[in-house]
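Here the structure comes first, spelled out in structure tokens, and everything after it is commentary.
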Amino acid sequence: MAWRPYAAPDEREAILSAATELGDVLLWASAADQPGATDATLSRGEPGRALALAYLDDALPGRGYGDESSAALSRAVAAVAAQPLGPSLMQGFTGVAWAIAHLARRAGADASGATEAVDGALSALLRDGRWTGPYDHVSGLVGIGVYALERLPDPAGAELLELVVTTLADRAERADGAATWFTAPAELHPDARGRAPDGYYNLGVAHGVPGVVSVLAGATGAGVPGAAEWLDDAVTWLERQRLDDDAAAVWPFFVGPGVESFASRLAWCYGDPGITLTLLQAAAAREREDWVALADLAIEKMLSRAVGESGVTGASLCHGGAGLAHLCGRLHEASGRDGLDDMARTWARRTLGLRVDGEPMGGFTVWDPSDPQELGGDVQGPGFLAGIAGVALTLAAAATDVAPDWDRCLLVSLPESARP
């Protein structure tokens, strides 16, 4: 299905102007000109810059973005060989491999030779039962599943995806027709550990069970044995975590013994928008109209939630206005629900500081690459999740017909080879 930009025609020029400014900052902010070691992480460093510049080159050609994208990816590969990195998607070497595989796919090229070592290392790690890390998207098994989905239909990707599903099954808690995944206290940030000293069950796409749901939906679409049954039980667990009907959201941040549950914000990392997209993927994989109805309930809550109660902070892709605008655009594409396109436009305007209903909205302050020690403002650094690259990508998607397939690394969409 072709991507249809959601920005109003009379606002696209302003949006593309902002995307161009951010693209030029990314172009200028070459890691080759910055002091210190190259950051090779997808969330903050050169892979994210490479991803953004490649898409911006399609949306805004002729500005040198494509050449710098290739250079940034080359620097990331070199940095992986020179510094210790773990296997996580957003903070480790798997993120570099994902960017290589994704950009090669876009160019119609075969990435197998470039990713062979990573494919083998990850498969060996899971096959030998040596995985002791978390299960989540940002740092764990779900993130490896995102990479495996991107490598489909290559046999190496298929093998790795089966190993991810098997390892997730080994880590699961399964009872009463439901399956879930526990986050132990040792895996928690100190702030979270203070709220949940005995651990919890996380309901964010970034760190919790909804990320598992999306990977299992992709694995089901790809025909991985056993994935469908685990998907059914994971969504059953997710259904049972709903808040009371009068709550501002359908789902909380997290649940667990002694853990206070309260309505999550509207974002990708935590909240109904990201969860709803994973639920729609699951519904498509299993042809479940009841799951579509649950997604529709979550959308209804989103549409009725006041801006001041959204929990949105800043403009970032992860938890800011740009990210929420993009999620609403994707939800509108997936569901066809009236109001989501207007909500997407509203949050795009808020991100840029344009006027909404005649009132000026706050824009954002970006990182100044001339002073790399200063990371103030709502959008920090050149990075993908919380920085300039992510915002630039969402703006280009809002105003052009270049399909934003980059969001597959966030499980916002799935590769065609993993769709039912």
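Along the sequence shown, residues are numbered consecutively beginning with 1.
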For [X], side chain to side chain donor-acceptor pair (under 3.5 Å) partners two or more places apart:
X	result
E159	R127
D290	R288
D342	R345
Y55	H102, R106

Fill in the blank from the handout: Y270 meets the ring-ring contact (aromatic ring centres under 6.0 Å, His included) criterion, sequence neighbours left out, with F253
Handout entry: Where at least one partner belongs to residues 299-331, residue pairs that pass ring-ring contact (aromatic ring centres under 6.0 Å, His included), sequence neighbours excluded
Key = H326-W406
Handout entry: Whether T351 side chain and A322 backbone form a donor-acceptor pair below 3.5 Å
Key =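 A pair under 3.5 Å: yes.
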Handout entry: Expected output: side-chain R49 to main-chain L26 donor-acceptor under 3.5 Å
Key =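 The answer is yes, because a donor-acceptor pair under 3.5 Å joins these two groups.
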Exercise for the section: Compute the centroid of each ring, for F182 and then for Y201, and state whether the two points are separated by less than 6.0 Å. Expected result: yes
Fill in the blank from the handout: Residues pairing under salt bridge (Lys or Arg N to Asp or Glu O under 4.0 Å) where one sits in residues 271-283, two or more places apart or in two chains, turn out to be none
Exercise for the section: Enumerate the residue pairs fulfilling salt bridge (Lys or Arg N to Asp or Glu O under 4.0 Å) with a member in residues 82-105, sequence neighbours excluded, ordered by first and then second residue. Expected result: R105-E150
Distance-only donor-acceptor hits, side chain of residues 113-120, under 3.5 Å, sequence neighbours excluded:
unit_1, atom_1, unit_2, atom_2, d
T115, OG1, A111, O, 3.1
T115, OG1, D119, OD2, 3.3
T115, OG1, R151, NE, 3.2
D119, OD1, Y147, OH, 2.4
D119, OD1, R151, NE, 3.4
D119, OD2, R151, NE, 3.3
D119, OD2, R151, NH2, 2.8

Show me the donor-acceptor pairs within less than 3.5 Å that the side chains of residues 222-234 make with the rest of the protein, sequence neighbours left out.
unit_1, atom_1, unit_2, atom_2, d
D232, OD1, R286, NE, 2.9
D232, OD2, R286, NH2, 2.8
D233, OD2, R174, NE, 2.7
D233, OD2, R174, NH2, 2.9

Practice task
Validate the cation-pi geometry between R350 and W347: distance from NZ or CZ to the six-membered ring centre under 6.0 Å, angle to the ring axis within 45°.
Solution key: yes
Practice task
Would you tell me whether T183 and N202 have side-chain atoms, one donor and one acceptor, within less than 3.5 Å of each other?
Solution key: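 Side chains of T183 and N202: no pair found under 3.5 Å.
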Fill in the blank from the handout: Which of T276, L266, L277 passes side chain to side chain contact (heavy atoms under 4.5 Å, CB included) with L327? Answer is L277
Exercise for the section: Could you note down all residue pairs passing side-chain hydrogen bond (donor to acceptor under 3.5 Å, both in side chains) where residues 298-311 supplies at least one of them, sequence neighbours left out? Expected result: E300-R337
Handout entry: Heavy-atom closest contact (L203 atom, P210 atom, distance)
Key = O-CG, 3.4 Å
Side-chain donor-acceptor distances from residues 382-402 under 3.5 Å, at least two apart:
unit_1, atom_1, unit_2, atom_2, d
T394, OG1, V391, O, 2.8
T400, OG1, A396, O, 2.8
T400, OG1, V402, N, 3.4

